[in-house]
Undergrad: 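One structure follows; several queries about it will come next.
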Protein chains: 2
Amino acid sequence: MKKSKIKTMEELSEAIGVSRPTLSRYFQDPDSVRESTSRKIQLGLEKVEYVPNFFATRMNRKSTGMIGVIIPYLNDLFFTNLLEQIELAAMDAGYTVISQCSHSDPAIEARAAETFMSMNVDGALVIPLGNQSDLKVYRRLESRLPFVLVDSRPKTMLDVDYVGTDHEKSCDLMTDYLCRMGEPPVFLAMPRVNFNALEREDAYIRHMTAHGHKPEVIGTEMIEEGWHFEAHGEAVLDRHLSRGEYTERSILCANDRVAIGALRAAARHGLVPGRGQKGGFRIAGHDDYPLCPFTIPALTTIAQDFEAIGKASVLRLIEIINGENTDGPPKIQLFDGILKLRESA
Amino acid sequence: MKKSKIKTMEELSEAIGVSRPTLSRYFQDPDSVRESTSRKIQLGLEKVEYVPNFFATRMNRKSTGMIGVIIPYLNDLFFTNLLEQIELAAMDAGYTVISQCSHSDPAIEARAAETFMSMNVDGALVIPLGNQSDLKVYRRLESRLPFVLVDSRPKTMLDVDYVGTDHEKSCDLMTDYLCRMGEPPVFLAMPRVNFNALEREDAYIRHMTAHGHKPEVIGTEMIEEGWHFEAHGEAVLDRHLSRGEYTERSILCANDRVAIGALRAAARHGLVPGRGQKGGFRIAGHDDYPLCPFTIPALTTIAQDFEAIGKASVLRLIEIINGENTDGPPKIQLFDGILKLRESA
DNA sequence: TCCCATTTTTTACGTGTGTAAAGATTACGC
DNA sequence: GCGTAATCTTTACACACGTAAAAAATGGGA
């Protein structure tokens with residue numbers, strides 16, 4: 001059975017025998033028309049191929065029902081997890097998510113923001129690119145549509161609503177745990193591409209100093225190009241282990257991907273990190289990357305609460321869209337990380 | 001300096017002192033107006049905040065310059081890699097990509113298709129969900145806009161253009177390699193959620209039979225729920241190793257995520273897979289998941305050519321959009337996998 | 001200075017739907 | 001059968017821009 005194709009609501013109204021304005025109301029809320037007409041329209045729709053034109057639909061509305069999400073990288077399970085939670089939360093709230101990936105390129109990030117503005121999205125969630133982001137873009141965005149920063153936040157944007165993990169606290173948690181169980185940790189940093197990494201590093205340093213330990217940070221120099229975190233972690237730790245350094249220390253990695261590289265460097269040197277191991281060699285990460293339970297040994301890490309962050313950022317954005325609680329200082333929501341004890345530390 | 005905000009082209013034309021149709025032409029092609037006016041407009045734009053309305057812009061055009069991409073899962077680096085390549089290729093070709101993730105839900109997948117139709121995208125690339133996909137949706141899509149299947153293809157959709165990896169060939173390659181270097185492999189399957197997995201399994205069986213070996217497939221029963229491939233691989237292999245089975249065999253895994261789980265099961269049993277190892281215990285994967293070089297031991301696998309697949313699918317879609325080479329049988333493009341020899345096999 | 005070609009302005013209509021107002025129809029209770 | 005309220009149809013305008021045609025302005029060369 002071939003359904004006849006119908007392009008406009010006008011045609012549809014003829015085909016069904018109902019006026020166009022009535023159809024229009026039906027599509028926006030089927031309960032806004034009498035039940036008998038509602039049934040009549042439903043029956044008609046089954047016999048026909050019709051999809052309302054998205055553009056025409058949204059053009060006249062104050063609200064487009066869309067929220068834009070800018071995500072910096074696709075090839076990182078951390079971000080995809082976050083994006084997934086955001087999409088699900090937005091879907092729940094009846095919004096359509098348009099996501100754009102900046103592919104490590106500030107120019108693309110800027111263009112994505114531009115696209116959102118021209119599409120009249122009701123609001124945007126921005127997971128910033130990092131240090132390279134073009135801050136002017138955010139300022140521009142700010143003046144035109146509600147937006148919330150997620151996961152990380154440039155130091156120059158402290159006046160914007162923000163949802164993320166309390167890195168200070170979570171890093172403390174881990175540092176504290178490592179100190180309690182053995183030698184105070186060394187921090188394996190990553191190239192300065194991201195604000196969170198710095199926050200964690202700072203938190204580590206503060207915590208160590210406060211407890212009378214001497215902080216040691218390695219891996220701040222760029223060894224591998226770009227976002228090859230695993231390769232970076234492997235190269236840095238390999239270099240030190242080759243010199244016989246840190247073979248009986250805890251290595252606290254800036255994130256799990258770095259830690260995965262570090263695990264490999266350890267294996268190459270015949271070291272098996274773990275709290276059960278003699279000698280006190282241990283490796284810990286941060287983020288609870290989905291693969292952590294499957295590394296060898298399984299990686300001890302701090303889990304970020306993706307779901308809470310995703311949900312909270314969407315809800316807050318919707319609040320702003322609706323003009324609720326928009327006076328006063330920017331609303332900052334920080335969620336606690338959870339220590340995931342596995343094998344490696 | 002505060003730029004005055006301008007909402008419509010009408011207002012802009014007053015502000016700059018140029019007629020609206022001229023502005024319209026300028027935005028579509030700056031060279032279509034006299035250079036002096038072009039400069040005048042440029043100067044004006046610098047003093048003013050203006051973003052053309054996306055919807056109004058596209059409504060009257062035959063072409064919206066957008067292509068839609070449906071991707072089944074976000075939390076899998078395989079798909080994100082593919083999506084990235086697609087986005088970059090589309091960007092190169094001057095198209096805007098709208099991507100929608102189906103989150104393992106056929107209903108969401110269907111809605112994404114619906115959205116694309118209502119947005120009048122010029123065409124769509126579809127990476128199917130797998131067996132659960134609602135095939136009616138594709139048929140519907142087919143009758144309304146050009147689309148190309150990517151990565152995997154339902155058996156009921158053999159009449160649609162398709163771009164992917166030649167699994168038959170790549171699986172042969174691996175099976176052949178494993179046979180040459182030691183005991184013929186056992187195939188560690190994954191739950192039947194995906195057509196590629198089956199294709200690979202079939203290819204394995206055919207190859208083994210053709211060469212006089214007895215094919216053995218394990219892990220077809222669902223042990224872990226859903227897409228927890230790593231957990232599945234670990235559980236299946238662990239069960240067999242516990243019985244003392246396959247400790248001197250090659251394990252060919254349906255994909256790398258399954259293999260990562262298998263690696264862990266091996267480690268738990270004190271086995272180190274590798275071509276250098278005595279006893280012939282080896283593990284191999286498929287896809288060249290980005291983490292493969294960092295597993296312990298590094299995973300031998302078959303790399304899919306993401307870039308080629310992404311580029312080819314976009315180019316083919318654009319061909320269809322332009323009405324080129326659309327007669328004749330469906331165009332199938334299969335790319336060869338490349339054997340990545342690392343440590344595990 | 002004048003003519004002609006090029007470019008711009010003016011005017012007007014099209015895109016598909018939202019939406020408001022006024023008039024026509026229907027449903028329902030009495 | 002009548003009145004009233006709910007619902008529907010008709011009509012009209014709006015949204016922001018594409019686009020076509022005719023009229024006006026501009027620029028450059030002779």
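Atom set for the values below is all heavy atoms of this structure, side chains included, hydrogens, waters and symmetry mates excluded. Bear in mind the structure is a predicted one, so any value in this text is a computation, not a measurement. The sequence lines fix the lettering, A, B, ..., with proteins before strands; numbering per chain opens at 1.
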Undergrad: Which sits closer to the 5' end of DNA chain C, B:T22 or B:M59, going by the nucleotide each is nearest to?
TA: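 Its nearest nucleotide being more 5', the pick is B:T22.
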
Undergrad: Answer yes or no: does a side-chain N or O of B:S24 lie under 4.0 Å from OP1 or OP2 of D:dG18?
TA: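 Looking at the OP1 and OP2 atoms of D:dG18, one of them is under 4.0 Å from a side-chain N or O of B:S24.
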
Undergrad: Does A:K5 come within less than 4.0 Å of A:E49, counting only side-chain N to carboxylate O?
TA: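 The answer is no: the pair does not qualify as a salt bridge.
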
Undergrad: Starting at CZ of A:F55 and ending at C1' of C:dG14, how long is that distance when rounded to a whole Å?
TA: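 Value for this atom pair: 17 Å.
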
Undergrad: Roughly how far apart are B:I67 CD1 and B:L125 CG, rounded to 0.5 Å?
TA: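 Separation between the atoms: 5.0 Å.
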
Undergrad: Starting at CD1 of B:I41 and ending at C1' of C:dT9, how long is that distance when rounded to a whole Å?
TA: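 In whole Å, C:dT9 C1' lies 13 Å from B:I41 CD1.
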
Undergrad: For D:dC15, take OP1 and OP2 only and decide whether either is under 4.0 Å from a side-chain N or O of B:T8.
TA: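 No, outside the criterion.
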
Undergrad: Using a cut-off of strictly less than 4.0 Å, decide whether A:K62 has a side-chain nitrogen or oxygen near OP1 or OP2 of C:dT19.
TA: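 Yes, because at least one side-chain N or O of A:K62 sits under 4.0 Å from OP1 or OP2 of C:dT19.
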
Undergrad: Can you figure out which of D:dC8, C:dT10, C:dT7 approaches the side chain of B:T37 most closely?
TA: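 Ranking D:dC8, C:dT10, C:dT7 by closest atom to the B:T37 side chain puts C:dT7 first.
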
Undergrad: Quick one: is A:T57 getting a side-chain N or O under 4.0 Å of the C:dT17 phosphate, OP1 or OP2?
TA: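 For A:T57, the contact criterion (side-chain N or O under 4.0 Å from OP1 or OP2 of C:dT17) is not met.
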
Undergrad: Which is more 5' along DNA chain D, the nucleotide nearest B:R58 or the one nearest B:R34? Just name the residue.
TA: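 The residue mapped nearer the 5' terminus is B:R58.
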
Undergrad: Are OP1 or OP2 of C:dT17 and a side-chain N or O of A:Y50 less than 4.0 angstrom apart?
TA: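 Checking C:dT17 against A:Y50, a side-chain N or O does come within under 4.0 Å of OP1 or OP2.
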
Undergrad: So, OP1 or OP2 of D:dG18: does either fall under 4.0 Å of a side-chain N or O from B:R61?
TA: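 True: B:R61 side-chain N/O within range (under 4.0 Å) of D:dG18 OP1/OP2.
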
Undergrad: How far apart are the C-alpha atoms of A:E87 and A:Y95, what are their side-chain angles, what is the distance that settles it, and do they pass the side chain to side chain donor-acceptor pair (under 3.5 Å) test?
TA: CA-CA 9 Å; A:E87 290 198 351; A:Y95 281 83; over 6 Å; no

Undergrad: Can you tell which of C:dT11, D:dC17, D:dC8 lies closest to the side chain of B:P21?
TA: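 That would be C:dT11.
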
Undergrad: If only side-chain N and O atoms of A:Q28 are considered, is one of them under 4.0 Å from the OP1 or OP2 phosphate oxygen of C:dT17?
TA: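 For C:dT17, neither OP1 nor OP2 has a side-chain N or O of A:Q28 closer than 4.0 Å.
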
Undergrad: Side chain of A:T8, backbone of A:E11: donor and acceptor closer than 3.5 Å?
TA: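 Checking the backbone N and O of A:E11 against the side chain of A:T8, a donor-acceptor pair under 3.5 Å is found.
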
Undergrad: Base, sugar-phosphate, or nothing for B:K40, non-hydrogen atoms under 4.0 angstrom?
TA: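 The residue B:K40 makes no contact with any strand.
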
Undergrad: Compare the minimum distances between each of D:dT26, D:dA16, D:dC17 and the side chain of B:P52, then state the nucleotide with the smallest one.
TA: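 For B:P52, the side-chain atoms sit closest to D:dC17.
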
Undergrad: Distance check needed: C:dG18 P versus A:N53 CG, whole Å only.
TA: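 Computing the A:N53:CG to C:dG18:P distance gives 10 Å.
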
Undergrad: Side chain of B:V18 only, heavy atoms from C-beta on: which candidate in D:dC8, C:dT19, C:dT9 is closest?
TA: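 My answer, after comparing the listed nucleotides, is C:dT9.
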
Undergrad: From CD of A:E10 over to P of D:dT11, roughly how many Å is that when rounded to an integer?
TA: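 Checked: the CD to P distance equals 12 Å.
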
Undergrad: Could you check whether any side-chain N or O of B:D305 sits under 3.5 Å from a backbone N or O of B:F335, counting only pairs where one atom can act as donor and the other as acceptor?
TA: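 Pair absent, no side-chain N/O of B:D305 close to backbone of B:F335.
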
Undergrad: C:dG14, D:dG27, C:dG16: which one has an atom nearest the side-chain heavy atoms of B:N60?
TA: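 Ranking C:dG14, D:dG27, C:dG16 by closest atom to the B:N60 side chain puts C:dG14 first.
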
Undergrad: How many whole angstroms separate atom CG of B:D31 from atom P of C:dT8?
TA: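 Answer to the nearest Å: 12 Å.
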
Undergrad: Hey, does B:R20 reach any base, or is it just sugar-phosphate, or nothing, if we go heavy atoms under 4.0 Å?
TA: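 Since a base atom lies under 4.0 Å of B:R20, the category is base.
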
Undergrad: In whole angstroms, how far is the C1' atom of D:dC8 from the CD atom of A:E14?
TA: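 After rounding, the reported distance stands at 17 Å.
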
Undergrad: Can you tell me how far C1' of C:dT9 sits from OH of B:Y26, to the nearest Å?
TA: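 Value for this atom pair: 19 Å.
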
Undergrad: Can you measure A:I16 atom CD1 to D:dT9 atom C1' for me and round it to whole angstrom units?
TA: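 These atoms are roughly 15 Å apart.
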
Undergrad: Do A:T115 and A:S118 pair up side chain to side chain, a donor and an acceptor below 3.5 Å, judged on atom types alone?
TA: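 Checked: A:T115/A:S118 side chains show no N/O donor-acceptor pair below 3.5 Å.
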
